[in-house]
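Reckoned from all heavy atoms, side chains included, excluding hydrogens, waters and symmetry mates.
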Amino acid sequence: MTAETPPPDAPAPAPDAPGLLRPDPGPGGAPARLADVALRAGVSVATVSRVLSRPGMVSAATRDAVEQAVRATGYRVNHAARNLRKQRTGAVVALVPNLGNPFFAKIVSGLGQQLALGGYDLLIGDTMDEGGRHRALDRFLDPSRADGIVLMDGQVTARDLAALPGAPPVVMACEWIERSDLPRVVLDNAAGTGLAVRHLLGLGHTRISWIGGPPDNVLHKARCDGIAAALGRLPPGYPGDFSLASGAAAAARWLAEPPGARPTGVIAFSDEMAAGFMGALARAGVSVPGAVSVIGFDDIEWVAHLPTPLTTVRQPKRDLGRMAARVLMARIAGQQVAAETVLNPELVVRASTCPPA
């Protein structure tokens with residue numbers, strides 16, 4: 001081992017140490033070595049390696065001295081060499097059910113930003129084929145392909161779960177698998193629909209309904225629980241699958257009901273269903289929110305720009321992605337992580353809700 005080579009078992013550099021990495025060459029144009037940093041900081045090479053890999057193990061004064069030396073010399077960590085030493089790929093795979101769904105874009109964005117800080121590349125796979133069927137995930141569960149997996153699909157099969165013991169570390173994000181011990185980063189979905197119900201009640205609505213997702217979906221169940229807790233019961237709802245088309249189908253059912261029996265407030269379990277519901281009612285000449293107030297879920301970007309901007313439950317999507325990346329990188333490093341990390345929703349009030357006529 002040469003003086004400038006970090007110990008083979010040195011962990012990855014801390015992703016959140018400010019200003020540590022610079023692409024500039026060292027003095028005279030030659031790439032700076034770890035020994036150059038140590039000489040300038042007045043510490044040993046081992047101490048520099050420790051600061052770059054485990055900053056919490058050294059004093060603040062030593063850490064500051066090394067960081068200043070790193071900036072002064074232009075030293076940069078060789079991630080490729082680090083991955084080779086550790087027999088890692090330097091990549092993380094995010095598995096998303098339907099990449100065409102705009103909801104996942106900001107989650108993936110936050111995930112990629114945080115992983116990049118830790119020196120990981122992000123690869124993305126779609127767990128759904130063109131026919132809407134789940135693909136077998138075996139090819140993604142190979143540790144030679146990725147150091148870790150962020151799984152956003154709660155509908156994976158028992159066969160997929162059976163393959164997980166030999167897989168790299170896996171963290172669930174957004175959705176989760178019931179009775180699975182995989183760590184997960186999720187929204188408090190029940191709290192989200194609870195916010196929606198209380199908003200409608202506060203406006204004076206008493207006939208409240210909902211448009212759900214697939215009945216066995218964990219998000220559907222949690223959001224139904226939130227409505228039941230806020231109302232003391234779960235009122236009848238309309239079937240759905242989170243798509244625009246199922247929202248339009250729910251509007252047809254709403255229109256078929258006697259006017260005096262129709263719900264005056266409807267909570268859709270996705271923004272797309274809410275938009276499909278509102279679009280079908282607009283084509284039928286029905287006013288939103290004049291005849292019915294509508295609330296969505298997710299706060300995808302374009303719902304604020306609908307002809308009637310949508311009131312919705314906002315998920316902190318980028319934060320969810322960032323947190324999932326942090327939990328996964330901790331698992332890759334062999335650290336203990338919480339079984340569940342829960343983020344809080346926010347109600348965003350726009351023009352699609354008002355007191356009942």
Return the minimal non-hydrogen interatomic distance between [X] and [Y], and the atom names on each side.
| X | Y | value |
| --- | --- | --- |
| Pro239 | Ile211 | O-CG2, 4.0 Å |
| Ser109 | Arg318 | OG-NE, 3.5 Å |
| Pro316 | Leu343 | CG-CD2, 3.7 Å |
| Gln114 | Met329 | O-CE, 3.7 Å |
| Gly265 | Val292 | N-CG2, 4.2 Å |
| Tyr238 | Glu257 | OH-OE2, 2.6 Å |

>> Once side-chain contact (heavy atoms from CB on, under 4.5 Å) is applied, do any residues pair with Asp188, and if so which ones, sequence neighbours excluded?
In response: Ala190, Ala191, Val342, Pro345

Just how far is it from atom [atom1] of [X] to atom [atom2] of [Y], taken to the nearest 0.5 Å?
| X | Y | atom1 | atom2 | value |
| --- | --- | --- | --- | --- |
| Leu122 | Gln113 | CG | CD | 11.0 Å |
| Leu328 | Ile149 | CG | CD1 | 9.0 Å |
| Leu195 | Leu347 | CG | CG | 6.0 Å |
| Leu234 | Asp225 | CG | CG | 8.5 Å |
| Phe242 | Phe269 | CZ | CZ | 8.0 Å |
| Gln315 | Leu187 | CD | CG | 4.5 Å |

> So Val218 and Glu178, side-chain contact (heavy atoms from CB on, under 4.5 Å) or not? Walk me through it.
Replying inline: CA-CA 8 Å; Val218 289; Glu178 293 177 308; 3.5 Å; yes

> Is the closest side-chain heavy-atom distance between Leu182 and Trp176 below 4.5 Å?
Replying inline: no

> Are any of the side-chain heavy atoms of Ile332 and Tyr120 separated by less than 4.5 Å?
Replying inline: yes

>> Looking at Gln336, I'd like to know if its CD atom is crowded, meaning that more than 12 non-hydrogen atoms belonging to other residues, nucleotides or ligands lie closer than 6.0 Å.
In response: no

>> Taking side-chain hydrogen bond (donor to acceptor under 3.5 Å, both in side chains) as the cut-off, I'd like each qualifying pair that reaches into residues 265-280, sequence neighbours left out, listed once.
In response: Asp271-Thr312

> Tell me the side-chain hydrogen bond (donor to acceptor under 3.5 Å, both in side chains) pairs involving residues 277-294, sequence neighbours left out?
Replying inline: His205-Ser293

>> By the ring pair (Phe, Tyr, Trp, His ring centres under 6.0 Å) test, which pairs, at least two apart or in different chains, include something from residues 283-327?
In response: none

> What do the steps show when you test Glu175 against Leu219 for side-chain contact (heavy atoms from CB on, under 4.5 Å), and what is the final call?
Replying inline: CA-CA 7 Å; Glu175 296 191 23; Leu219 301 180; 3.7 Å; yes

> Using a distance-only test with no angle check, is there a side-chain donor-acceptor pair under 3.5 angstrom linking Asp241 and Ser246?
Replying inline: yes

> Does one side chain, of His199 or Thr311, offer a donor that lies under 3.5 Å from an acceptor on the other?
Replying inline: no

Report all side-chain donor-acceptor pairs from residues 90-104 shorter than 3.5 Å, counting only partners two or more places apart or in another chain.
from, atom 1, to, atom 2, distance (Å)
Asn98, OD1, Gly100, N, 2.9
Asn101, OD1, Phe103, N, 2.9

> Under the salt bridge (charged side-chain N to carboxylate O under 4.0 Å, His left out) rule, what pairs show up with a residue in residues 340-350, not counting sequence neighbours?
Replying inline: Arg184-Glu340, Asp299-Arg350, Arg314-Glu346

